[in-house]
Structure formats: structure tokens, C-alpha cells
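Numbers for residues simply follow the sequence, beginning at 1.
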Amino acid sequence: MASWRRRHWLAVGITATLAICVLGVLPELAIAKRDEAAVSLVSANLALPPAPERADLEVATLTADEVMNLAMQGEADGWQSATVESGDTLGGLFARLGFSARDLNRALEARQVQEIASKLRPGKRVAFYSGEPGRLDKLLFDNSDLSRVLVHLDETTGVREEILERQLQYRVERATGEIENSLFGAAEQAGLSNVMVLKIARVLGYDIDFAQDLRIGDRFHVVYEQVYDNGEKIRDGDVLAVSFINRGNRYVALRHVHADGKIEYYDQDGRPLRKDFLRTPVDFTRISSRFNLGRRHPILNRVRAHRGVDYAAPTGTPVYAAGAGRVQFRGRQNGYGNTVIIDHGQGHTTLYAHLSRFNNNARAGHRVQQGDVIGYVGMTGLASGPHLHYEFRIKGVHRDPLTVTLPKPEPLKGRALERFRQDTTAVAAQLELLESYRSLAGN
């Protein structure tokens with residue numbers, strides 16, 4: 001009987017493996033037959049097991065993370081959960097579930113609870129445990145993608161906080177598309193979120209100007225992650241590999257995780273994509289005004305040289321330091337309004353104007369790193385609408401940020417290059433396979 005069971009489970013395992021392989025291949029083969037499709041999506045989903053039925057739960061057989069997942073959903077004995085809605089307060093959640101102001105005050109003795117109370121966001125879930133009706137014994141909520149906080153409220157021992165590691169699942173997805181009207185439109189048809197589009201733009205933004213370089217017929221192929229918790233998607237993950245055909249030129253980015261955990265992107269030769277300066281230091285909707293020494297000022301109504309680029313964006317959009325350097329100036333500067341100037345050394349400076357407010361780290365004399373938030377889009381000074389005015393200067397001479405030549409960094413060498421090859425070979429092969437399917441579909 002034992003031998004028969006082993007053979008039975010072996011057969012089930014082989015059958016399941018073959019089924020997964022077939023399901024992974026069929027969508028890809030289908031792409032080659034979609035000749036008229038402007039954009040296609042290839043997915044390699046690893047199905048997660050569904051949560052067990054409530055009646056079948058045996059807590060002793062579940063992992064601690066699975067128990068906490070059920071508690072968070074209000075599906076474990078003694079637990080109930082509430083989802084934060086717009087305008088909610090922590091006190092409102094307590095009252096909604098029948099807990100007293102005394103319970104709230106006891107919970108607020110925990111530092112993590114104080115923090116969540118001041119940072120409640122719609123959609124956040126908080127779980128409550130009662131050993132007896134009307135008495136709050138535990139509070140559970142997500143601290144980050146990687147951890148949860150379990151607060152014990154004990155009448156005898158007092159309040160105690162416990163940090164619990166979350167066991168997230170990462171699914172690898174693949175998508176390919178062709179621009180017919182806009183990048184966002186093509187990405188939406190390919191199943192990509194706007195967040196993922198912005199991630200792709202940041203990765204390739206050193207080589208492609210996504211504001212003015214894109215053309216109808218440009219193509220992209222991307223391998224990326226999506227992050228799940230107990231079968232529920234919680235966010236988009238990292239871009240693992242992406243290629244972009246822009247004006248006939250192919251640009252490739254491969255993610256590489258260094259031994260210290262630092263993530264960087266490189267081309268296929270191991271040359272870093274990161275340059276000394278960002279082309280566009282803000283996530284913008286459009287360029288509202290370009291570098292133009294003969295531009296007529298929209299407010300002053302007279303010809304006045306425009307020695308920078310204006311990026312239109314909603315008020316409050318973060319503005320990033322284009323490169324590492326020291327904050328030379330922070331304050332109000334005539335028609336520029338709220339302004340930050342960063343000295344990057346070797347005669348390079350950048351200016352960011354019309355900010356609605358400054359970030360705390362952007363104080364005069366402080367060092368900032370490339371990508372640090374230094375302020376937020378606004379329309380202070382002489383501005384007809386919310387936008388970032390950005391200037392790039394070399395030894396005091398204004399240069400067009402969109403066309404100035406940025407130096408290429410040195411590629412990886414020796415052992416570092418070998419580690420890069422080992423880390424990216426598999427995902428680079430997936431990217432090339434994805435491109436070959438697209439090529440077959442085009443033929």
C-alpha cells in the first residue's frame with residue numbers, strides 16, 4: 001500500500017509539472033499568431049494555492065505567517081478586521097468594531113500604534129483580537145511589505161510590540177508592446193500599470209528622453225515582478241530586464257543585485273545605465289516650455305531668454321536631485337520663486353525653481369545623492385501654472401538639459417563582471433526569447 005501511494009504521488013507530481021509547462025508555453029505560442037495585434041502580453045504565472053476553506057482550518061498545521069494572514073482577513077478565531085476608508089481615524093476604527101476609548105488609549109502606548117494613527121491611508125487593514133467579547137487583547141497591522149506589527153495588550157504585563165516577518169510571493173511577468181499613440185496607452189494594452197511604466201522610464205531615462213524621443217512604432221519588451229501576499233497582489237515589483245527599440249536603436253537594461261543588496265541596472269556589456277545626472281528630475285506630464293533664448297515670457301509678455309526646461313506636473317509632485325552634490329542655495333529667488341541650486345563639483349550646477357515647498361534634507365550646505373527628493377512642484381514666483389523649471393549649467397554657462405552630452409560611466413570588470421553575468425544570464429535569455437516571439441508575430 002505504501003509503495004502504491006508513493007507511485008501515485010509521483011505520477012501526480014509529474015502530471016502537475018507537465019501541466020505547468022504547457023500552460024506556460026501556450027500563451028507564448030499564441031502571440032505568434034496574433035499578426036494584427038499592436039500589443040501583446042505574455043505571462044508566466046506561478047499559481048498560488050488558494051486559502052483553505054474556513055471549515056477546514058487546522059491552525060496547528062499552518063505556519064505562523066499563514067495564521068497571521070488569516071487573522072488580518074478576520075478569518076481566524078477571535079479575530080476581526082477593518083479596512084481604512086477615506087476620512088477614517090484609528091479611533092473611528094475602534095468605535096466601529098465596538099472597542100472603547102480605554103482600549104484605544106492602551107493601544108496608543110505602543111510606539112508603532114502611534115505611528116500608524118498618524119499615517120492611516122485608505123485601503124490599509126487593521127485586525128483586532130478579543131479573547132472575550134468587548135475586550136481588546138491584540139492589534140495587528142502591516143508595518144511594511146516585509147513585516148507586520150503584533151501589539152499585545154495585557155492587563156498584567158502591559159503593552160508589548162512584536163515584529164513579524166511577512167512571507168511575500170514574487171511572480172515573474174512578461175509583456176511586450178508597440179506604441180501606436182502613447183507609451184501609457186501601449187502599456188495599458190499590454191497589462192502594465194502606470195507605476196510600472198514610470199519604473200521603466202526611470203531605468204532607461206538616462207538614454208531615452210521619454211518626453212520627446214518616442215515615436216509611433218517604437219517597441220518595448222519587459223520582464224518584471226509582481227508582489228503578492230497570500231494570493232493577493234499588493235504592489236508592482238522591480239523591472240528585471242527591459243529592452244526598448246527607439247528610432248531603430250535598441251536599448252537594454254538588466255537588473256543586478258550586488259553582494260551588499262544594492263540594486264543597479266546595466267546594459268548587456270556590464271556598463272552602468274546610471275549617469276552622473278538625470279535627464280528629467282521629475283515625473284512630469286509634458287514639457288510646457290523648452291530651452292529657447294528667444295522665447296516670449298507668458299506673464300511678462302516680452303522676449304526673455306528661457307535658459308532651462310519647464311516640466312508640467314501637478315502641484316506636490318516630488319522633484320529629485322539630478323545628481324549628487326551639495327545644496328548651494330535654498331530659498332526664494334525673484335521670479336524663480338522657491339528655488340534650490342545644487343553644486344555638483346567640476347563646474348556643474350543645477351537649478352530647480354517654482355517649488356511649492358522644500359524637502360527637509362535640502363538645506364543649504366547639506367549633501368544630497370542623485371534621486372533624493374529636494375522639493376515639490378508648485379507655481380511660486382512668475383509661473384502661469386504648476387511646473388518645475390530646471391536649469392543645467394557648466395562653469396556658469398546654461399546648457400540645454402535635454403541635449404547636453406552626459407559622460408558614460410566605466411563598465412564592470414574582472415570578478416564584478418563575472419558576477420553580473422551569472423546574475424543576469426537567465427533573465428537576459430527570457431528577454432531575448434520574448435523579443436523573438438514578437439519578431440515571429442510581426443512576420
Side-chain angles (χ1 to χ4, degrees), residues 202-213 264-267 271-284 287-295 297 303-311 313 318-355 358-378 380-383 387-413:
R202 289 195 190 103
V203 169
L204 293 173
Y206 296 96
D207 295 313
I208 302 175
D209 184 343
F210 283 86
Q212 61 179 1
D213 285 351
E264 288 191 272
Y265 288 88
Y266 297 81
D267 66 15
R271 188 183 297 276
L273 296 190
R274 178 185 290 272
K275 307 295 191 299
D276 289 338
F277 295 95
L278 299 173
R279 285 282 185 194
T280 53
V282 65
D283 296 327
F284 62 98
I287 292 179
S288 55
S289 184
R290 298 178 181 273
F291 190 93
N292 183 354
L293 299 182
R295 185 195 70 157
H297 195 281
V303 174
R304 183 177 181 180
H306 191 251
R307 296 185 172 90
V309 175
D310 290 350
Y311 297 100
V319 174
Y320 311 107
R326 189 178 300 278
V327 177
Q328 185 183 84
F329 175 85
R330 179 184 116 160
R332 197 168 183 91
Q333 196 174 94
N334 301 322
Y336 284 133
N338 291 334
T339 301
V340 170
I341 299 176
I342 300 176
D343 183 354
H344 304 280
Q346 297 182 331
H348 292 75
T349 59
T350 53
L351 177 146
Y352 314 78
H354 304 311
L355 303 175
F358 305 106
N359 199 29
N360 289 334
N361 71 328
R363 295 190 179 95
H366 283 207
R367 288 200 63 83
V368 293
Q369 298 301 315
Q370 185 183 78
D372 285 352
V373 176
I374 57 173
Y376 301 87
V377 169
T380 55
L382 292 176
H387 70 277
L388 169 70
H389 175 78
Y390 174 57
E391 294 183 6
F392 191 97
R393 303 171 183 172
I394 301 178
K395 296 181 179 179
V397 178
H398 290 81
R399 304 290 295 275
D400 186 345
L402 298 178
T403 60
V404 64
T405 301
L406 302 178
K408 288 187 176 183
E410 288 296 314
L412 296 172
K413 297 178 181 179

Roughly how far apart are [X] [atom1] and [Y] [atom2], rounded to 0.5 Å?
{"X": "L273", "Y": "R202", "atom1": "CG", "atom2": "CZ", "value": "15.0 Å"}
{"X": "R307", "Y": "D400", "atom1": "CZ", "atom2": "CG", "value": "13.0 Å"}
{"X": "D372", "Y": "N359", "atom1": "CG", "atom2": "CG", "value": "8.5 Å"}
{"X": "Y376", "Y": "L355", "atom1": "OH", "atom2": "CG", "value": "10.5 Å"}
{"X": "L278", "Y": "F392", "atom1": "CG", "atom2": "CZ", "value": "10.5 Å"}
{"X": "R393", "Y": "I341", "atom1": "CZ", "atom2": "CD1", "value": "5.5 Å"}

Return the minimal non-hydrogen interatomic distance between [X] and [Y], and the atom names on each side.
{"X": "K275", "Y": "D207", "answer": "NZ-OD1, 3.1 Å"}
{"X": "L388", "Y": "P281", "answer": "CD2-CG, 3.9 Å"}
{"X": "I394", "Y": "R399", "answer": "CD1-NH1, 3.6 Å"}
{"X": "T350", "Y": "A322", "answer": "CG2-CB, 4.4 Å"}
{"X": "P272", "Y": "E410", "answer": "CD-O, 3.2 Å"}
{"X": "I342", "Y": "V368", "answer": "CD1-CG2, 3.9 Å"}

List the steps, then state whether side chain to side chain contact (heavy atoms under 4.5 Å, CB included) holds for V404 with F277. CA-CA 10 Å; V404 64; F277 295 95; over 6 Å; no

Using atom types as modelled and distance alone, determine if a side-chain donor or acceptor of [X] lies under 3.5 Å from a backbone N or O of [Y].
{"X": "R274", "Y": "Y265", "result": "no"}
{"X": "D209", "Y": "D213", "result": "no"}
{"X": "H354", "Y": "T380", "result": "yes"}
{"X": "R326", "Y": "G365", "result": "yes"}

When you look at I374 and V327, which way does the side chain to side chain contact (heavy atoms under 4.5 Å, CB included) test go after all the steps? CA-CA 9 Å; I374 57 173; V327 177; 5.6 Å; no

Would D276 and H348 satisfy side chain to side chain contact (heavy atoms under 4.5 Å, CB included), going step by step from the backbone distance to the final call? CA-CA 11 Å; D276 289 338; H348 292 75; over 6 Å; no

From CA spacing to verdict: side-chain hydrogen bond (donor to acceptor under 3.5 Å, both in side chains), H389, E391: CA-CA 7 Å; H389 175 78; E391 294 183 6; 2.7 Å; yes

Over 60° means perpendicular and under 30° means parallel, so tell me whether Y311 and Y390 are parallel, tilted or perpendicular.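 Aromatic pair Y311/Y390 classed tilted.
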
